[in-house]
Amino acid sequence: MAMAMMTMRRAVALGARHIPAAPAASSRVVPLRHMSADAGAAMEKILSVGLLRTQGLIAGKWVDAYDGKTIEVQNPATGEVLANVPCMGSRETSDAIASAHSTFYSWSKFTASERSKALRKWYDLIISHKEELALLMTLEQGKPMKEALGEVNYGASFIEYFAEEAKRIYGDIIPSTLSDRRLLVLKQPVGVVGAITPWNFPLAMITRKVGPALACGCTVVVKPSEFTPLTALAAADLALQAGIPAGALNVVMGNAPEIGDALLQSTQVRKITFTGSTAVGKKLMAGSANTVKKVSLELGGNAPCIVFDDADIDVAVKGSLAAKFRNSGQTCVCANRILVQEGIYEKFATAFIKAVQSLKVGNGLEESTSQGPLINEAAVQKVEKFINDATSKGANVMLGGKRHSLGMSFYEPTVVGNVSNDMLLFREEVFGPVAPLIPFKTVEEAVNMANDTNAGLAAYIFTKSIPRSWRVSESLEYGLVGVNEGIISTEVAPFGGVKQSGLGREGSKYGIDEYLELKYICMGNLG
Ligand code: ADP
């Protein structure tokens with residue numbers, strides 16, 4: 001019955017909009033014969049299950065940009081064009097907002113159980129299309145298939161978790177100050193949410209936002225990165241198949257500043273949630289002031305990874321390798337500075353370099369690959385700039401330090417020694433496969449160095465001492481701390497930064513609060 005109701009509501013939402021019809025999606029896909037064998041076979045698999053969507057989604061309709069303009073989606077491993085997607089702007093975004101706004105009134109009235117069931121179905125569909133989604137992600141983003149499959153599980157876990165959490169959005173009854181009154185607190189969805197996401201986690205950064213938003217009755221306009229829209233569109237297709245009503249989830253992409261401005265200026269958008277660069281996050285925060293929107297920001301990090309003299313060397317190497325080289329160093333929680341106590345420095349450096357040498361660089365579609373390409377040429381140029389800056393100031397390249405012989409945007413996994421706090425490698429996020437090693441003497445010195453940044457997202461420490469684990473974890477000005485562990489993100493724990501790394505938390509029981517408003521109801525004159 002719930003599903004029948006959803007179908008009816010979807011029809012109402014669809015009828016309300018007048019979105020121009022668009023040609024078949026397949027016309028936007030580059031002919032497979034023009035692709036390399038691997039990519040062509042992967043695309044064929046994705047096409048065969050109908051998950052190669054190349055249009056935006058507004059009010060449940062797949063649409064082109066109103067002026068017909070498109071942008072290319074490229075495979076960073078080969079430079080091949082995979083597809084063309086619409087280059088949308090303010091007009092399409094306004095329609096997406098209107099669709100989300102009108103659907104809000106129906107979706108927010110669904111019972112928690114109905115919303116939960118639709119989300120659960122979406123989760124099941126994502127999992128049953130794990131392989132195709134991972135292929136899509138590897139093709140457009142470059143990450144190795146193993147990591148892409150991991151991201152599908154991770155991304156889906158937010159939908160599963162918030163499907164469950166939808167049923168647990170409890171209010172409160174407050175003991176009254178007067179005997180004839182009752183004081184209640186109701187939690188209600190904030191309204192239309194604008195979600196802007198980056199390319200490094202093409203699925204998980206979307207589900208981490210859309211899961212809790214839909215769970216509590218909000219509707220969403222998502223703007224994925226123009227580098228990785230195909231995964232987002234495939235996930236949105238599965239949401240429709242799951243019975244998430246048309247208009248509850250809209251996807252637009254193209255001219256980022258124009259789409260961003262349309263979201264910011266709209267009084268109907270009540271919340272902006274963003275993952276991306278600190279510079280764009282600050283713009284979105286400032287732009288939200290005019291209409292006083294709720295804002296969640298997950299911005300850049302500058303993660304310290306502190307290896308103390310008493311660390312288990314194998315645990316420290318394994319953990320820092322994972323924290324540094326996951327996604328070829330392109331995550332905001334990647335270890336950006338590896339601080340190593342002087343007593344263990346030589347031993348750690350030797351073991352770490354050996355581990356880095358074993359990383360296999362290549363096309364993510366190849367099974368043996370553990371390091372894919374960087375997202376584009378600009379990313380490689382940034383890495384080169386940081387390496388040049390470091391070596392000109394006295395750092396020494398211990399491994400790698402140049403573009404990989406595969407060409408394109410492949411860069412050699414790199415270890416740089418003797419990095420100091422005046423270098424870009426220390427001060428800013430390199431967002432690439434470069435591990436800077438920084439020697440230190442005392443615990444206090446390590447903590448001071450770790451906190452010597454405006455960022456405050458993730459930090460890692462390696463030590464066998466329990467008292468030190470506590471003391472250092474408490475002193476680190478970071479939102480997440482991994483102790484003897486390099487991969488710590490999970491849907492059940494709060495993810496987010498302090499200082500200029502952002503506002504708010506995603507995932508976990510805390511993450512849903514970002515999409516809720518508290519309403520205090522005072523019932524008086526009860527006799
Ligand atoms: P990155 O450097 O990791 O790509 P960005 O902050 O540039 O980080 O991008 C993250 C997301 O923000 C992407 O979807 C991008 O298109 C979007 N974006 C970039 N500039 C703007 C803007 N002015 N307004 C709204 N969104 C933007």
Side-chain angles (χ1 to χ4, degrees), residues 56 65 71-74 76 85-90 92-94 96-97 140-143 193-210 220-233 235-236 250-266 269 271-291 293 295-302 327-334 336 373-383 385-386 409 428-432 455 457 497 500-503 506:
I71 37 178
E72 292 179 343
V73 182
Q74 289 185 6
V85 295
C87 184
M88 295 172 153
S90 56
E92 296 85 347
T93 308
S94 297
I97 295 169
E140 66 177 352
Q141 200 271 346
K143 65 176 65 182
V193 174
I196 302 177
T197 58
W199 48 264
N200 59 347
F201 289 93
L203 180 69
M205 294 305 104
I206 292 176
T207 54
R208 195 153 83 170
K209 295 169 167 52
V210 174
V220 193
V221 177
V222 176
K223 194 209 82 64
S225 166
E226 286 62 41
F227 297 134
T228 56
L230 301 178
T231 310
L233 294 170
N250 303 273
V251 186
V252 291
M253 74 228 81
N255 183 330
E258 210 175 297
I259 294 170
D261 285 348
L263 290 169
L264 292 173
Q265 282 158 17
S266 168
V269 176
K271 156 112 194 164
I272 292 288
T273 172
F274 171 75
T275 299
S277 63
T278 307
V280 172
K282 286 179 181 176
K283 270 191 209 159
L284 296 174
M285 191 172 172
S288 294
N290 207 28
T291 48
K293 296 187 204 308
V295 180
S296 299
L297 303 171
E298 204 267 272
L299 310 177
N302 182 357
N327 207 0
S328 299
Q330 303 173 107
T331 88
C332 46
V333 292
C334 270
N336 200 50
L374 299 193
I375 189 69
N376 54 26
E377 172 65 21
V380 181
Q381 285 172 0
K382 180 178 176 187
V383 170
K385 179 177 152 197
F386 278 39
S409 52
E428 294 177 27
E429 243 181 338
V430 63
F431 236 65
L457 188 55
Q500 295 184 26
S501 281
L503 289 177
E506 294 194 304

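All values below come from the heavy atoms of this structure, side chains included, with hydrogens, waters and symmetry mates left out. In each ligand, atom 1 is the first atom listed, and ligand 1 is the first ligand listed.
In the vicinity of G260, heavy-atom distances shorter than 4.0 Å reach the ligand 1 atoms 24 (N), 25 (C). Annotation for ligand 1: atoms under 4.0 Å from non-hydrogen atoms of T197 are 11 (C), 13 (C), 14 (O). Counting the atoms of ligand 1 from 1 in the order shown, those under 4.0 Å from a heavy atom of I196 are 11 (C), 12 (O), 14 (O), 17 (C), 25 (C), 26 (N). Within ligand 1, counting atoms from 1 as listed, the ones closer than 4.0 Å to a heavy atom of K223 are 13 (C), 14 (O), 15 (C), 16 (O), 17 (C).
For ligand 1, none of its N or O atoms has an N or O atom of K283 under 3.5 Å away. Looking at S277 next to ligand 1, an N or O pair under 3.5 Å apart turns up.
The protein non-hydrogen atom at the shortest distance from atom 18 (N) of ligand 1 is A256 CB, 3.7 Å. When hydrogens are left out, the protein atom nearest atom 21 (C) of ligand 1 is V280 CG1, 3.6 Å; that is the closest non-hydrogen contact.
Scanning all heavy atoms of the two residues, the minimum distance from A65 to C87 falls at CB-O, 3.4 Å.
Here atom 23 (N) of ligand 1 lies nearest to P257 when heavy atoms of P257, A232, C332, G287 are compared. Comparing heavy-atom distances from atom 10 (C) of ligand 1 across F227, F274, W199 singles out F274 as nearest.
Partners of E140 by side chain to side chain donor-acceptor pair (under 3.5 Å), not counting sequence neighbours, listed by chain and number: T231.
Under a cutoff of 6.0 Å and an axis angle of 45°, K223 and F274 do not form a cation-pi pair.
A side-chain donor from one of N327 and Q141 sits under 3.5 Å from a side-chain acceptor of the other. In this model, a donor atom of one side chain and an acceptor atom of the other lie less than 3.5 Å apart for Q500 and K282.
At least one donor-acceptor pair closer than 3.5 Å links the side chain of K143 to the backbone N or O of N200. With hydrogens and angles disregarded, no donor-acceptor distance shorter than 3.5 Å links the side chain of S266 to the backbone of A262. A donor-acceptor pair is defined here as one N or O able to donate and one able to accept, closer than 3.5 Å; such a pair exists between the side chain of T331 and the backbone of V333.
No part of L263 comes within 4.0 Å of ligand 1, judged by heavy-atom distances.
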